[in-house]
Asker: 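Below is a structure I'd like to ask you about.
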2 protein chains.
Amino acid sequence: MGTTQLESVQEPKYWHLKTVLSEALDSDFAVGEILPNERDLAARFGVARATLRQALEQLELEGRLQRRRGVGTTVAPPRVGVAVAAAQHDWAGGDSDEAWQPVECTTGKAPVAVAAMLDGAAGEDVHVVRRIRVTRGQSVAAELLYVPRSSVPELSAIDAPSGPARARSVLRELHRLGLDGQDRSVELGSARADDAKELDRLPGAPVLVVTTRYFAVSGTAAVSVATYRADTCRLTFGDSGALEISHEEQERQAS
Amino acid sequence: MGTTQLESVQEPKYWHLKTVLSEALDSDFAVGEILPNERDLAARFGVARATLRQALEQLELEGRLQRRRGVGTTVAPPRVGVAVAAAQHDWAGGDSDEAWQPVECTTGKAPVAVAAMLDGAAGEDVHVVRRIRVTRGQSVAAELLYVPRSSVPELSAIDAPSGPARARSVLRELHRLGLDGQDRSVELGSARADDAKELDRLPGAPVLVVTTRYFAVSGTAAVSVATYRADTCRLTFGDSGALEISHEEQERQAS
DNA sequence: GAGTGGTCTAGACCACCGA
DNA sequence: CGGTGGTCTAGACCACTCG
């Protein structure tokens with residue numbers, strides 16, 4: 001039999017759907033515009049809702065869409081470039097628009113994975129500083145900064161029991177230390193419940209986990225684990241002295 | 001009625017499942033061990049297969065599991081740390097274990113997003129070099145390197161029609177140029193069909209997209225778009241002169 | 001061919017948001 | 001309250017790998 005297998009696409013429906021939607025997004029939709037709801041879209045394309053959702057999920061992962069329960073699906077703006085590099089040493093920070101905001105500070109044991117990076121500080125108590133990074137009025141990252149007690153010996157134990165005030169104290173002490181280098185890694189993760197709440201996302205949302213080790217002369221002075229919203233963020237690194245500028249700075253310069 | 005709402009978990013089943021599985025993975029399984037198949041697991045936990053799969057998907061995203069069609073689900077080894085920083089200027093490369101392998105080289109127009117970064121080279125033809133990065137015998141990244149003709153004028157047009165030989169020619173010319181800086185960004189994406197094949201994954205698999213702009217005195221000399229397997233890779237950046245070493249190098253030093 | 005994960009369906013109910 | 005996206009089910013078939 002001349003079974004010529006006419007155009008046996010062999011391409012998953014959701015994948016093809018994603019492509020079609022992606023092109024439609026480019027041509028027929030403006031940023032912020034809301035799409036038809038999932039049931040209508042599925043019917044329009046003649047697929048089950050689950051299949052349609054699989055395509056939407058991918059597009060959301062790529063930062064093309066934004067979905068909110070009870071509201072709808074909207075076209076997402078281009079990802080924000082957030083700088084993850086130098087200029088980090090201004091621990092005090094808080095003034096700039098593109099900065100970290102200390103939220104609170106507790107004390108306790110570090111998770112094993114973190115403790116392993118804080119050489120020698122096996123069972124030691126650490127200060128845990130919670131910070132939020134806000135860009136354009138939107139929180140893009142949540143961080144836990146682990147600072148061994150031994151790194152900031154000057155800190156009086158009863159400076160403030162917890163809260164932002166104490167967080168700022170720890171950061172100030174860290175600043176006084178004078179760090180000489182850091183060591184960073186980026187990987188994909190999913191948001192824990194607490195991070196998800198800070199980032200206004202559902203638990204399990206994809207995040208970029210940036211782990212930074214801060215060195216002082218005496219060794220590792222602190223470890224930071226920052227989780228960035230993977231859907232809305234593009235992490236930028238200024239490895240050169242060259243013209244690395246974030247979008248935000250570009251806008252500021254334009255004015 | 002005394003509806004005390006006993007323990008209304010209010011936590012999605014798949015999320016709870018993920019937690020349970022994650023703990024089981026830590027305690028009861030060794031790296032490489034294969035899990036029971038999805039139908040059995042779903043039955044064991046009393047959920048539908050789709051729900052079980054949602055949990056497995058998350059765990060795979062976090063690099064805890066590895067799933068292969070026709071084979072099964074296995075416990076994944078810890079993520080590989082791959083260095084994404086200096087030492088990149090050895091364009092010729094190819095000798096080291098942890099290096100890029102040129103695969104082929106074609107010529108054509110750059111995608112608009114890339115062209116926008118190659119200032120001034122709007123409609124110009126560019127060399128497109130395909131490279132694969134292999135670590136521990138496993139390909140971890142696929143790259144497309146876009147080099148405007150004007151960046152490598154010395155390159156004879158008919159050096160080699162395509163293939164690895166020509167790729168090496170382009171890289172050699174680029175090396176002669178002497179670059180003075182680069183500018184990098186990392187974001188989440190999903191693998192295009194061609195990248196997926198190189199990375200031995202299915203299309204749409206989550207990847208970390210590293211976009212690098214290489215500067216020469218005259219401006220942007222080249223743009224690279226590298227996609228790393230998000231499930232198996234941890235990108236590391238040596239921002240300090242300090243002891244940033246990859247796992248591979250550690251092993252090499254140990255010997 | 002038997003067994004695996006990958007895709008797809010057609011329903012159902014739930015949590016959340018806004019009018 | 002109605003409409004949205006988020007979760008879940010119980011099935012079916014497919015593509016792939018391996019013995």
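Below, chains carry the letters A, B, ... as their sequence lines are ordered, and counting in each starts from 1. As the structure is a prediction and not an experimental result, all values here were calculated from the model.
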Asker: Any salt bridge linking A/D195 with A/R130? Criterion: basic side-chain nitrogen under 4.0 Å from a carboxylate oxygen.
Answerer: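 Answer for the salt bridge query: yes.
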Asker: State, with a plain yes or no, whether a side-chain heavy atom of A/R168 is found less than 4.5 Å away from one of A/C105.
Answerer: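 Heavy-atom side-chain distance check fails, nothing below 4.5 Å.
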Asker: Tell me the bend of the helix from C/dG1-D/dC18 to C/dG18-D/dC1 as the angle between end helix axes, each from five pairs, rounded to the nearest 10 degrees.
Answerer: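 Nearest ten degrees gives 10° for this helix.
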Asker: Separation of A/L41 atom CG from D/dG6 atom P, in whole Å?
Answerer: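 It is 13 Å, rounded to the nearest whole Å.
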Asker: Can you tell whether the side chains of B/E143 and B/R133 come within less than 4.0 Å, N to carboxylate O?
Answerer: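 Salt bridge flag = no for B/R133 with B/E143.
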Asker: Would you say the side chain of A/L59 lies within less than 4.5 Å of the side chain of A/S22, judging by non-hydrogen atoms?
Answerer: yes
Asker: Could you tell me how far apart B/Q66 (CD) and C/dT4 (C1') are, to the nearest whole angstrom?
Answerer: 15 Å
Asker: Whole Å only: how far is the CD atom of A/E38 from the C1' atom of C/dC14?
Answerer: 14 Å
Asker: Which heavy atom of A/R229 sits nearest a heavy atom of A/D200, and at what distance?
Answerer: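 The answer is NH1-O, 4.2 Å.
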Asker: Where do A/F45 and A/L17 come nearest, in terms of heavy atoms and distance?
Answerer: CG-CD2, 3.6 Å
Asker: Whole angstrom is fine here: how far is it from CD in A/E11 over to C1' in D/dA15?
Answerer: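 Rounded to the whole Å, the gap is 15 Å.
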Asker: Which residues in residues 47-60 of chain B have a heavy atom closer than 4.0 Å to any atom of DNA chain C?
Answerer: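 By residue number: B/R49, B/R53.
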Asker: Do A/Q54 and A/K13 have side chains that approach each other closer than 4.5 Å (heavy atoms only, starting at C-beta)?
Answerer: no
Asker: Using the closest heavy atom to pick a nucleotide of DNA chain C for each, name whichever of B/G70 or B/P203 lands nearer the 5' end.
Answerer: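 The 5'-side residue here is B/G70.
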Asker: Hey, could you give me the CG/CD distance between B/L21 and B/Q58, rounded to the nearest 0.5 Å?
Answerer: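 Going from the CG atom of B/L21 to the CD atom of B/Q58 covers 11.5 Å.
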Asker: Quick check: does any side chain N or O of B/T74 sit under 3.5 Å from a backbone N or O of B/E33, one acting as donor and the other as acceptor?
Answerer: no
Asker: Measure from CG on B/L35 to C1' on C/dT4 and round the result to the nearest Å.
Answerer: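 These atoms are roughly 13 Å apart.
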Asker: Phosphate oxygens OP1/OP2 of D/dT4: is one of them under 4.0 Å from a side-chain N or O of A/N37?
Answerer: yes
Asker: Give the rounded distance in Å between these two atoms: OH of B/Y14 and C1' of C/dC14.
Answerer: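 Rounded to whole Å, this separation is 14 Å.
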Asker: Measure from the side-chain heavy atoms of A/R39 and tell me the nearest of C/dC8, D/dT4, C/dG5.
Answerer: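 Nearest to the side-chain atoms of A/R39, counting from C-beta on, is D/dT4.
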Asker: Starting from P on C/dC16, measure out to CZ on A/R69 and report it in whole angstrom.
Answerer: 5 Å
Asker: Give a yes/no answer on whether the side chain of B/T73 brings an N or O atom under 4.0 Å of OP1 or OP2 in C/dT4.
Answerer: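 The answer is no; no side-chain N or O of B/T73 sits under 4.0 Å from OP1 or OP2.
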Asker: Using atom CZ of B/R67 as one end and atom C1' of C/dT7 as the other, report the distance to the nearest whole Å.
Answerer: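 Value for this atom pair: 12 Å.
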